[in-house]
Amino acid sequence: MINPMSLEGKRILVTGASSGIGQAIAILLSELGANVVLVARDQKRLNKTLALLAGEGHLAESMDLALLDDIPAWFAKIIESFGVLDGLVHSAGIQYTAPLQSIQLSDMALMFRINFDAAMMLAQAFRKRNAHNPVRSGIVYISSVASLSGVPGNAAYAATKGALTSLARTLALELARDNIRVNTVVPALVRTELAETLLTKLSQKQREALMERHPLGLGQVEDVAHAVAFLLSEAGRWITGTSLIVDGGYTAQ
Amino acid sequence: MHQKEFLSFMEEIFEIDAGQLREDTLLAGLDAWDSIGVLNLIALADEKLNIILSPDALEKCKKVSDILTLCFSRAEE
């Protein structure tokens with residue numbers, strides 16, 4: 001029996017892998033047969049994710065992605081010890097809620113640094129000869145429906161996620177010659193720690209309104225993971241430069 | 001931070017003249033006291049007092065003093 005979603009023998013690096021969507025992605029990719037490099041700041045929490053992965057041959061590499069200058073050398077070292085990568089998933093992301101007049105430059109800069117700048121630096125490192133599989137490989141960025149549909153207090157975060165979509169479109173063209181596909185997955189609200197923090201900042205009324213905007217209810221982390229696996233697998237081999245919206249109907253309205 | 005200092009920050013985010021905001025000022029009379037105003041206040045308390053105010057609790061506030069009570073009873077915990 002063939003399984004076009006199989007990732008048997010593929011090597012894939014996942015950022016934000018110690019919790020939430022990133023962790024679910026890492027687990028699913030391992031269950032589909034991939035060897036995964038887990039990346040996040042906290043080694044202890046990464047080790048917990050490592051214990052949840054299926055199969056052997058995974059790696060947990062703590063890294064603060066805000067240290068953008070360190071990414072190239074650090075990435076090259078991973079390739080040296082782990083081997084050439086077939087996929088890269090940037091799921092690490094941070095979100096601060098603040099209306100325009102309260103936005104702090106430092107918070108905004110950090111959001112852009114982790115959500116967007118790191119995405120660019122990771123792609124740059126991934127593109128290098130001998131870093132990615134020259135026959136076929138893929139990059140997936142985790143964007144957000146915030147980039148498509150406004151919510152008060154979320155301007156900077158929305159902009160970082162919109163920037164990822166624009167980045168993916170352009171890189172898809174630039175990297176087609178390297179057989180690297182670049183796509184984004186665009187989720188609505190998924191039950192994660194980050195989402196719970198966001199929800200505590202809303203009133204009961206606002207929470208109910210937000211729930212109502214998800215016709216299929218809030219998502220599970222696995223819903224996003226499935227979309228990522230699809231894009232990285234053979235099933236997604238002719239897909240590049242696109243955004244796969246996984247939102248329970250949020251943007252259908 | 002003293003309540004008085006926080007009050008002056010509140011005047012800034014609500015864009016009213018210095019010294020105009022008093023403890024017995026009714027929130028309903030402030031133009032900037034709406035859902036965005038609540039978000040601004042939450043951001044302010046987070047930044048200046050390092051506390052996360054609940055929007056549900058803020059919605060129940062009638063006067064400026066209610067907000068101060070909310071902020072400073074929590075900040076002293």
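Quick note on labels: first sequence line is chain A, next is B, and so on, each numbered from 1.
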Quick one: what part of Ile13(B) sits under 4.5 Å from any heavy atom of chain A, side chain, backbone, both or neither?
both
Cationic tip of Lys48(B) within the cone over Phe6(B)'s six-membered ring, i.e. under 6.0 Å and within 45° of the normal?
no
Let's test your reading of the structure: which of Arg207(A), Gln206(A), Gln204(A) forms the most heavy-atom pairs below 4.5 Å with chain B?
Gln204(A)
Arg41(A)/Glu61(A) salt bridge by N-O under 4.0 Å criterion:
no
Sidechain N-carboxylate O distance under 4.0 Å for Arg22(B), Asp24(B)
yes
Donor-acceptor pair between Glu23(B) and Thr25(B) side chains, under 3.5 angstrom
no
Please check if the number of heavy atoms outside Leu67(A) that lie under 6.0 Å from its CG is greater than 12.
yes
Sort by residue number and list every member of residues 223-230 of chain A having a non-hydrogen atom under 4.5 Å from chain B.
none
Are Asn40(B) and Ser102(A) linked by a side-chain donor-acceptor pair shorter than 3.5 Å?
yes
Considering residues, nucleotides and ligands other than Asn50(B), do more than 12 of their heavy atoms fall under 6.0 Å from its CG?
no
CA sep, side-chain torsions, deciding dist, call: Gln20(B), Glu11(B), side chain to side chain donor-acceptor pair (under 3.5 Å):
CA-CA 8 Å; Gln20(B) 292 294 299; Glu11(B) 285 171 341; over 6 Å; no
Between Arg191(A) and Glu196(A), is the closest basic N to carboxylate O distance under 4.0 Å?
yes
Give a yes-or-no answer on whether the side chains of Ser91(A) and Thr15(A) include a donor-acceptor pair shorter than 3.5 Å.
no
Expected contact set for residues 156-168 of chain A against chain B at heavy-atom separation under 4.5 Å reads none
